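Data first, discussion second: the structure below is written as structure tokens.
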Amino acid sequence: VHYVQVMRDEHRVLKRELRKLETAVRRVLEQRAMQQLFEEHSRASLEHFRATGEAHSTAEVIAELRRRTQARREELVR
């Protein structure tokens, strides 16, 4: 009976460790996907600039990000 309890405990520990590993792998994959998306957007933005010469100031970019963030907050409050 003691052996069975030890095996159950070990099984619980292994399941917990497996969940931690799965979470870590999921986070790494999500991070890589976000990095890839950022790089793709950056390249597209650079190509747009090269093609049109159109650029935006830092102040304009920050203002747009603040506007989007505020709009999202308001959307989530509803």
Side-chain angles (χ1 to χ4, degrees):
V1 175
H2 177 39
Y3 175 77
V4 172
Q5 185 59 41
V6 169
M7 294 304 294
R8 284 182 183 151
D9 292 345
E10 186 66 21
H11 183 258
R12 272 189 224 105
V13 169
L14 290 173
K15 279 178 69 175
R16 191 174 333 126
E17 292 302 313
L18 180 59
R19 280 194 299 270
K20 287 180 186 178
L21 180 61
E22 289 171 341
T23 299
V25 168
R26 202 173 303 112
R27 286 182 181 154
V28 166
L29 293 174
E30 290 170 357
Q31 178 66 24
R32 286 183 184 168
M34 291 299 291
Q35 287 174 335
Q36 182 177 356
L37 187 61
F38 179 81
E39 290 173 12
E40 290 170 3
H41 283 224
S42 297
R43 283 191 205 102
S45 180
L46 180 59
E47 287 303 314
H48 177 75
F49 169 73
R50 287 180 175 158
T52 66
E54 180 184 334
H56 302 281
S57 71
T58 304
E60 289 174 315
V61 172
I62 297 293
E64 176 62 16
L65 289 173
R66 284 186 175 140
R67 184 195 66 74
R68 288 183 187 188
T69 301
Q70 184 60 35
R72 181 68 175 141
R73 281 186 186 130
E74 291 170 3
E75 182 180 306
L76 291 173
V77 170
R78 293 181 208 156

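Computed from a prediction, not measured in an experiment: that's the story for all the values here. Numbering starts at 1 and runs along the sequence shown.
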Hydrophobic cluster (4.5 angstrom, side-chain heavy atoms) - remaining members for L65: V61
Can you list the residues that meet the side chain to side chain contact (heavy atoms under 4.5 Å, CB included) rule with [X], with sequence neighbours excluded?
X: R26; result: E22, T23, E30
X: V28; result: R32
X: T69; result: R73

Distance-only criterion, 3.5 Å: show the donor-acceptor pairs between side-chain atoms of residues 8-17 and protein atoms not counting sequence neighbours.
| residue | atom | partner | partner atom | Å |
| --- | --- | --- | --- | --- |
| D9 | OD1 | Q5 | NE2 | 2.9 |
| D9 | OD1 | R12 | NH1 | 2.7 |
| E17 | OE2 | K20 | NZ | 3.4 |

field: Check: Q70 side chain, R67 main-chain N or O, donor-acceptor pair, under 3.5 Å
entry: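 No, because the side chain of Q70 does not come within donor-acceptor range (under 3.5 Å) of the backbone of R67.
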Please tabulate, for the side chains in residues 39-49, all donor-acceptor contacts under 3.5 angstrom to protein atoms that are two or more places apart in sequence or on a different chain.
| residue | atom | partner | partner atom | Å |
| --- | --- | --- | --- | --- |
| E40 | OE2 | Q36 | NE2 | 3.2 |
| S42 | OG | F38 | O | 2.9 |
| E47 | OE2 | R50 | NH1 | 3.4 |

